[in-house]
Amino acid sequence: MVAESLAEWWHESARDLPWRFGRATPWGVLVSEVMSQQTQMSRVVPYWQAWMERWPDAAALADASKADVITAWGRLGYPRRALRLQECARMVADDYHDDLPRTYDELVALPGIGDYTASAVMSFAYGERIAVIDTNIRRVLSRVFLGAESRGGAASPAERALANRVLPEDSAARCRGFDRPSVVWNQSVMELGAVICTAKSPLCEQCPVAAECMFLANGRPGLGERRTRPHQRFRGTDRQVRGLVLNALRGLPDGRIAIDRKDIEALWSDHIQLDKCIASLDDDGLIEMLPDGSVRLPC
DNA sequence: ATCCGGTTAC
DNA sequence: GTAACAGGAT
């Protein structure tokens, strides 16, 4: 019943994202999922389109320079994702003849691909029946079927069991991959969590499964009371400083490659923290430290 | 349990 | 100002 309501809602009002409805290759779907890790879809769309035009497949991305990859990642955030995506592309190109593997175990073994992304590719790119578990799906399933908010931290065994229990069967083999019930279920539950069943202020009056939702029936207990993740500040942290350094390097005009020590020091007054961040960026392979104290993007 | 960006929405 | 965001690696 919930599945039918959601499927109808999905076909009426799913956002027309460019990698949906069979318009992207499996590699393109994987790129969209990696870009979407902790980043809103609306911000991902233009980056994904430019990225796929420039590097249409894993082999193309594998041949790019690190500096180009980091620069093209732009302000999507968490730039280590960009390097891991290129490492992933190299493994796909070298070890799988540029053909993305089709099993969960092979996908989850790739750099930057965890449980969520591997499951999402299996479902959305290959049409396989598999429970996809992300923050949206955890919140929606917990609300609709348990009548309570999901807890922070990693997905619990109980949440995984619930996701597997309510995942529809794909009995109609005639359906095309992305029209299979399990795939529509995964996509529509996630979409509902993104646009209707949001964390802070869910739009229950617009919800297609409001009549069957235990959370709404219970009077939405503890709404917005418990975060899905531990709170992380940003201002003044290493993440902000790392971002300042990388942004300065990304913004260099053509022809200029490095930033000298004096200009680096102008980015952040606490030079102890600054040096710590430069060292960590170097460790991550996001920058290179030169003997004269200047820094540059890696080749 | 922590670290890792940057933007958006409230 | 702050929580939240299609997570992953350590």
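Chain naming here is simple, since letters A, B, ... match the order of the sequence lines and numbering starts at 1 in each.
Separation of the P atoms belonging to C:dA6 and B:dC10 is 13 Å when rounded to the nearest angstrom. B:dG5 and C:dA3 have their C1' atoms separated by 15 Å, given to the nearest Å.
One donor-acceptor pair, N or O on each side, does fall under 3.5 Å between the base of C:dC5 and the side chain of A:Gln40. Between the base of B:dG5 and the side chain of A:Thr39 there is a donor-acceptor pair shorter than 3.5 Å. Judged by distance alone with a 3.5 Å cut-off, a donor-acceptor contact links the side chain of A:Arg20 to the base of C:dA6. Side-chain atoms of A:Gln232 and base atoms of B:dC4 include a donor and an acceptor less than 3.5 Å apart.
Counting non-hydrogen atoms under 4.0 angstrom, A:Gly77 reaches a base of the nucleic acid. Heavy atoms of A:Leu281 sit nowhere under 4.0 angstrom from any nucleic acid atom. The residue A:Leu76 sits close to a base: some heavy atom pair falls under 4.0 Å. Contacts of A:Thr237 with the nucleic acid, taken as non-hydrogen atoms under 4.0 Å apart, are absent.
The CG-P distance, from A:Leu83 to B:dG5, rounds to 11 Å in whole Å. Following rounding to the nearest Å, A:Arg235 (CZ) and C:dA3 (C1') show an atom-to-atom distance of 14 Å. The interatomic distance linking A:Leu223 (CG) with B:dC10 (C1') rounds to 13 Å, in whole Å. Note: CG (A:Asp284) to C1' (C:dT10) measures 11 Å, nearest angstrom. Atom OH of A:Tyr78 and atom C1' of B:dT7 are 12 Å apart (whole Å). In this structure, CD of A:Glu87 is placed 12 Å from C1' of C:dA9, rounded to the nearest angstrom. For A:Gln37 and B:dT7, the CD to P distance is 18 Å, given to the nearest whole Å. Taking atom CG on A:Asp283 and atom P on C:dT10, their separation rounds to 12 Å, with Å as the unit.
Residue A:Asp284 forms a salt bridge (charged side-chain N to carboxylate O under 4.0 Å, His left out) with just one option from A:Lys66, A:Arg84, A:Arg80, and that option is A:Arg80.
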Self-check item: Test log, rule side chain to side chain contact (heavy atoms under 4.5 Å, CB included), inputs A:Leu167 and A:Asn186
Solution: CA-CA 8 Å; A:Leu167 183 68; A:Asn186 285 326; 3.8 Å; yes
Exercise. Given side chain to side chain donor-acceptor pair (under 3.5 Å), test A:Glu33 with A:Ser36 step by step and report yes or no.
Key: CA-CA 5 Å; A:Glu33 295 300 341; A:Ser36 302; 5.1 Å; no
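Residue A:Gln38 has a polar side-chain atom (N or O) positioned under 4.0 Å from OP1 or OP2 of C:dG7. Distances shorter than 4.0 Å separate none of the side-chain N or O atoms of A:Arg242 from OP1 or OP2 on B:dG6.
In this model, no donor atom of one side chain and acceptor atom of the other lie less than 3.5 Å apart for A:Ser123 and A:Arg129.
Side-chain contact between A:Val140 and A:Phe215: absent, with no pair of heavy atoms (C-beta onward) separated by less than 4.5 Å.
Relative to the side chain of A:Arg75, the nucleotides B:dT7, C:dC5, C:dA3 differ in distance, and B:dT7 lies closest. Of the candidate nucleotides C:dA6, B:dT7, B:dC4, B:dC4 has the atom nearest to the side chain of A:Asp238. The side chain of A:Arg43 approaches B:dT8 more closely than any other nucleotide in the set C:dG8, C:dA6, B:dT8. Distances from the side chain of A:His231 to the nucleotides C:dT2, C:dA6, B:dC4 place C:dT2 closest. Side-chain proximity of A:Phe234 to the nucleotides B:dG6, C:dC5, C:dA4 is greatest for B:dG6. The listed nucleotides are B:dG5, B:dG6, C:dC5; the one nearest the side chain of A:Ala199 is C:dC5. When distances are taken from the side chain of A:Thr117 to each of B:dG5, C:dA3, C:dG8, the shortest belongs to C:dG8.
In this structure, A:Arg81 and A:Ser201 both approach DNA chain B, and ranking their closest nucleotides by distance from the 5' end singles out A:Arg81. Residues A:Arg80 and A:Lys200 each lie close to DNA chain C; by heavy-atom proximity, the contact nearer the 5' end of the strand is made by A:Lys200.
In this structure, A:Trp185 has its ring center at least 6.0 angstrom away from the ring center of A:Trp10.
Within 6.0 Å of the CD atom in A:Glu53, the count of heavy atoms belonging to other residues, nucleotides or ligands does not exceed 12.
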